Every structure is written in structure tokens, then in C-alpha cells.
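In this text the structure is predicted, and so the values were computed from the model without any measurement.
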Amino acid sequence: MTVTDRRPEEERAEVDVAGAARPRHPLRWVASLVLLVLAAQLVHLLVTNDNFEWHVVGEYVNASIIGHGIAITLELTVVAMAVGIVGGVLLAVGRLSENRLLRGACGLYVWFFRGIPVLVQLVFWYNLSALLPRISFGVPFGPEFVSGETNHLITPLLAAILGLGLNEAAYMAEIIRGGLLAVDPGQTEAAQALGMSDARTFRRVVLPQAMRFIVPPTGSQVINMLKATSLVSVIALADLLYTVQSIYNRTFQTIPLLIVACLWYLLITSILYVGQSFIERHYARGATRQAPQGFWDFALLRRRARTPEVPS
């Protein structure tokens, strides 16, 4: 056999890799140097600039009035997300229904609430009394059972829950609908072939598989909801931001009080991120060969371990 007759596999086998060197990446070193310089400048700014007033931050970060604002923020986040998730499930099921009228009504709801900014919705619900001075409940076009003044019924807290919760339901409907559609229809057909009812098929087969598509964006929506609660300060609800504003309007210590709010928002969102990572790992078991990135992988800048390739 001549040299020209050798197969490509034999030619590759003759390559000597004993003295091979790792490729150099000078741009990575340049980027790292730039980041270190910027980080040093940031630390220098935080330490030397007296306008941060860190002693004021330490004074208010554990203040009881700030704790009250945090409690309102967390309460509003939980209740609004509960309204959004329940409403999202109903809307998602309605959009997947074979009833055209129901499917159209749910689609119209999603289109309407996703198209209007949350701040506008909050202001609208807070000023609902200008449109409906009285609210009544009873038989349509018939007798009223319960009625009351709108200003007394629609409190700032209820207006915030309606504005945030109803808006969140529109987004959760699309998340849940996308998760349900991601499940292979063959799973439903196999469950029906085994004699399972539609409700049992949905509860035992479809929903568990859809959760790994629903949980990650839902966790992001919870974090977004926590930050969106800061908008309720415009309707005078004493959440974390409104509490901070009420303090610095009296003391004129704007920057340190805003830093207090930022620190608490960062702490709470970090805790939510940890919970989200654990839930994602739970629902991703057996679905992928590579587990999703956890919080410490993100915080410590650790690279994911690559899955070893199976030789062919």
C-alpha cells in the first residue's frame, strides 16, 4: 500500500499530540483586567464617597418601620401571585378548550391585560369610584343583595391586588399553556388507552411533565412580581419603597434610604432564586442528563461539569 492509499483514520493516528500546547486567549485576559479595574474603582467609590452615608444605612436597615414595609411587600407578592396562578390556570384551560366562545373570551382577556401597563391598571383600580360610585352584588338585572361605597370597598391594598393579580394572570396563562402544549400528545393517548379519565390523565400524566416547563418562568414571574410591588407606592400603599420615600421626604437622606431598599430587594430576590433552583432540580430529575444550574453555581461562578460523551 502506498502513502497516498492510506485511509484518513491512519493519517489522523500519526498526529503527535504529546507536545501540544493549550490555545492562548489574550482577549480573556484583557477582559479580566478591565473587570478588575472597574471593580477596584467601584470599591474605591463606595469607601471614599461620604455621600453614601453608610451610618444612615446601618441605622435604618433594621428599623421596625422598614420591617413593616417589607411585610406589606411580601404579603402583596404572595396574594397577587396566588391570584395570578389560579387565574392563569383557568385562562390556560379556557384557551385550550374546544368551546370557541370560551377560547375567544380567554384570549381577549390575555390580549387586554398584557397590552396595558401595570401602573395604568393600578391607577385605574384605585380610582374606580370615579366610574362606579357604588358596587353591588346580586342577580343580574335583578335585586341587589349586597352593596357599598366603592371608596370603602376598594382600599389601596385591594386595588394593588387587583392590578397586580389580574395582570399576572394573563402572563401565567401563557406560561401554563405553553407548558401543557410542550407535553407529547402521545402521553395523553397512552393514558386514555389505559382507561384513565381526562382529569386523572391531566393530574397524573400531563401536569407532572409540564411542570418542568412551567416552574422556571414562574419563578422568574415571582421575582418580577416582588419588584413590581414597588409600583404601588403611587397609590399610597405603605410597601417597602413607599416607606423609604416617606422617610427621606422628611430627612432628605435620599441615597442612603434608597440603598436600604435596594439591599432588602436583593436579599429577598436571592432567597427566591435559591428556592427556584431547588424546585427546578426536583422537576428536572430524569428529564435531562445535565442538571440545571443551581444558585451556588451562579454565585460562585463555577462552570458546569460536562457530561462525558459515550464513545461510538
(request) With side-chain contact (heavy atoms from CB on, under 4.5 Å) as the test, would you mind laying out the steps for Phe213 and Leu181 before giving the verdict? (result) CA-CA 10 Å; Phe213 301 102; Leu181 292 176; over 6 Å; no

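- Across all non-hydrogen atoms, the minimal contact from Ala160 to Val232 is CB-CG1, 3.6 Å.
- More than 12 heavy atoms of other residues, nucleotides or ligands sit less than 6.0 Å from atom OH of Tyr248.
- Between Leu128 and Ile135 there is a side-chain heavy-atom pair separated by less than 4.5 Å.
- Two residues are said to be in side-chain contact when any heavy atoms from C-beta on lie closer than 4.5 Å; Ser220 and Gln276 meet this criterion.
- Tested against Leu237 for a side chain to side chain contact (heavy atoms under 4.5 Å, CB included), the candidates Leu158, Thr73, Ile72 yield a single pass: Ile72.
- The shortest heavy-atom contact between Val83 and Ala169 is O-CB, 4.4 Å.
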(request) Might you work through the side-chain contact (heavy atoms from CB on, under 4.5 Å) test for Val57 and Glu53, ending with a clear yes or no? (result) CA-CA 7 Å; Val57 174; Glu53 299 183 74; 5.9 Å; no

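- In Arg204, the CZ atom is not crowded: 12 or fewer heavy atoms of neighbouring residues, nucleotides or ligands sit closer than 6.0 Å.
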(request) Would you sort out whether Leu240 and Ser230 count as a side-chain contact (heavy atoms from CB on, under 4.5 Å), showing the intermediate values? (result) CA-CA 7 Å; Leu240 176 57; Ser230 60; over 6 Å; no

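- The environment of CG in Asp50 is sparse: at most 12 heavy-atom neighbours from other residues, nucleotides or ligands sit within 6.0 Å.
- Within a 6.0 Å sphere centred on CZ of Phe113, other residues, nucleotides and ligands contribute more than 12 heavy atoms.
- Ile247 pairs with exactly one of Thr251, Val244, Asn249 by the side chain to side chain contact (heavy atoms under 4.5 Å, CB included) rule, that one being Thr251.
- Within the 4.5 Å cutoff, the side chain of Trp125 has no heavy atoms near those of the Ile235 side chain.
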